[in-house]
> 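A single structure is presented below for examination.
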Amino acid sequence: IISHHDRLYYLEDKPEVSDAEYDALRFRNESIEKRFPFLIRKDSPSLKVGAPLLGAFKKVKHRRPVLSLDNGFEDQDVYDFLERTRRFLGLSPETPVEIVAEPKIDGLSAILLYQEGVFNLGATRGDGTEGEDITVNLQTLKDIPHIIDAEDFPFTTEIRGEVYMRHEDFMIMNNKRQAQDLPPFANPRNAAAGSVRQLDPQITARRPLKFFAYSCDDYEPFHVTTHWAFLEKLKNWG
């Protein structure tokens, strides 16, 4: 059932269930696997990240694996996360932990490879190890700088983020489509994902897409000690 919904969501951009219903299916599957590890299948959804490759675009191998976020459904999940963080950092249970909270932007994950400050390659997350080369499409986004001319920008880095549509832009686009007797898109997330994976970049260029950067493959070259400082650098670089 989960694989069926993954195919509709990632490959066809036509989800049948809400995010909450899908998360409940994943949570149930993971709960069963924790209780009965011998039932874990080789094709278990818990072992996969993102979507399989479509085949229409060239394959791209990421410099480091691109992982997905975990979900928290109850207060205890947050407490458990903080406890794991303290354990990982070797901190006492009483030590305060500063965290950065960000909105979860729902679109399509994208990885931007910059070499010597030049945007050379853009890819989807794919299965976490390999993605699809969508460089030409991403180059049409005004939110993505082609050149970053800054002394403190790393020589080579993968900037990671989300391609998305704002709700108001999505509504305007759908109104135009209906006026042209074209079928409206189901929601902003699917509209963004479908737009980025067009084989014709001119179609992508006509869509109101935006990009929000929030991560990278390696923080060390950025010379920061907090995630907030990293986000500030990204903002300064555009």
Side-chain angles (χ1 to χ4, degrees), residues 1-37 39-57 65-78 80-81 101-111 123-132 134 137 160-175 177-178 182-198 203-204 207-212 214-215:
I1 292 172
I2 293 172
S3 295
H4 166 74
H5 290 305
D6 280 345
R7 188 175 67 254
L8 291 176
Y9 184 90
Y10 289 111
L11 300 184
E12 300 180 27
D13 300 317
K14 297 177 182 176
E16 287 181 342
V17 296
S18 68
D19 287 353
E21 290 173 291
Y22 177 81
D23 286 343
L25 285 172
R26 292 291 298 249
F27 182 72
R28 182 183 177 198
N29 181 70
E30 289 165 14
S31 298
I32 292 171
E33 290 180 344
K34 283 180 183 176
R35 190 173 176 187
F36 308 104
L39 290 178
I40 300 176
R41 295 159 37 143
K42 290 182 179 179
D43 63 345
S44 169
S46 64
L47 303 177
K48 298 178 182 177
V49 174
L53 298 175
L54 278 173
F57 297 93
V66 184
L67 306 178
S68 62
L69 297 174
D70 201 356
N71 289 319
F73 298 98
E74 301 173 356
D75 290 355
Q76 190 59 46
D77 295 329
V78 180
D80 292 344
F81 166 73
E102 304 172 64
K104 171 66 170 69
I105 296 177
D106 201 15
L108 182 77
S109 295
I111 295 90
T124 63
R125 183 175 66 183
D127 62 4
T129 302
E130 283 187 330
E132 296 167 332
I134 53 170
N137 289 358
R160 299 173 177 182
E162 199 87 357
V163 177
Y164 69 101
M165 265 186 207
R166 297 193 308 180
H167 283 277
E168 50 265 44
D169 293 334
F170 171 75
M171 296 297 293
I172 292 171
M173 183 183 68
N174 256 356
N175 289 337
R177 288 181 65 84
Q178 288 177 313
L182 295 172
F185 290 107
N187 55 60
R189 185 267 161 199
N190 297 95
S195 298
V196 173
R197 295 157 88 184
Q198 292 288 329
I203 296 176
T204 306
R207 304 277 171 82
L209 298 170
K210 292 189 171 295
F211 179 78
F212 182 81
Y214 56 75
S215 181

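Along the sequence shown, the residues carry numbers beginning at 1. Keep in mind that this is a model prediction, so the values were computed, not measured.
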> Give me the atom names and distance for the closest heavy-atom approach of S18 to E21.
N-OE1, 2.9 Å

> Between the side chain of N175 and the main-chain N/O of M171, is any donor-acceptor distance below 3.5 Å?
yes

> Under the ring pair (Phe, Tyr, Trp, His ring centres under 6.0 Å) rule, collect the residues that match up with F36, sequence neighbours excluded.
none

> Is the shortest side-chain heavy-atom distance between D19 and D106 below 4.5 Å?
yes

> Which atom names give the shortest non-hydrogen contact between N137 and V196, and what distance separates them?
ND2-O, 2.6 Å

> Output yes when a side-chain donor or acceptor of T204 lies under 3.5 Å from a complementary backbone atom of S195, and no otherwise.
yes

> State, yes or no, whether a side-chain contact exists between R26 and N71 at a heavy-atom distance under 4.5 Å.
no

> Do you know the tightest heavy-atom contact between E130 and D127?
N-OD1, 2.8 Å

> Using modelled atom types and a 3.5 Å cut-off, is there a donor and acceptor pairing between side-chain atoms of D77 and backbone atoms of F73?
yes

> Is S215 reaching over with its side chain to a backbone N or O of R160, donor-acceptor style, under 3.5 angstrom?
no

> Show the nearest heavy-atom pair for residues Y214 and E102, with the distance to one decimal.
CB-OE1, 3.8 Å

> Kindly say whether G107 contributes a backbone atom to a donor-acceptor pair with the side chain of E162 at under 3.5 angstrom?
yes

> Any idea which heavy atoms bring F211 and A110 closest together, and the distance?
CE1-CB, 4.0 Å

> Going by heavy atoms in the side chains, are M165 and L209 under 4.5 Å from each other?
yes

> Side chains of R177 and N174: closer than 4.5 Å at any heavy-atom pair?
yes

> Please name the pair of heavy atoms, one in Q198 and one in F57, separated by the smallest distance, quoted to 0.1 Å.
O-CZ, 3.7 Å

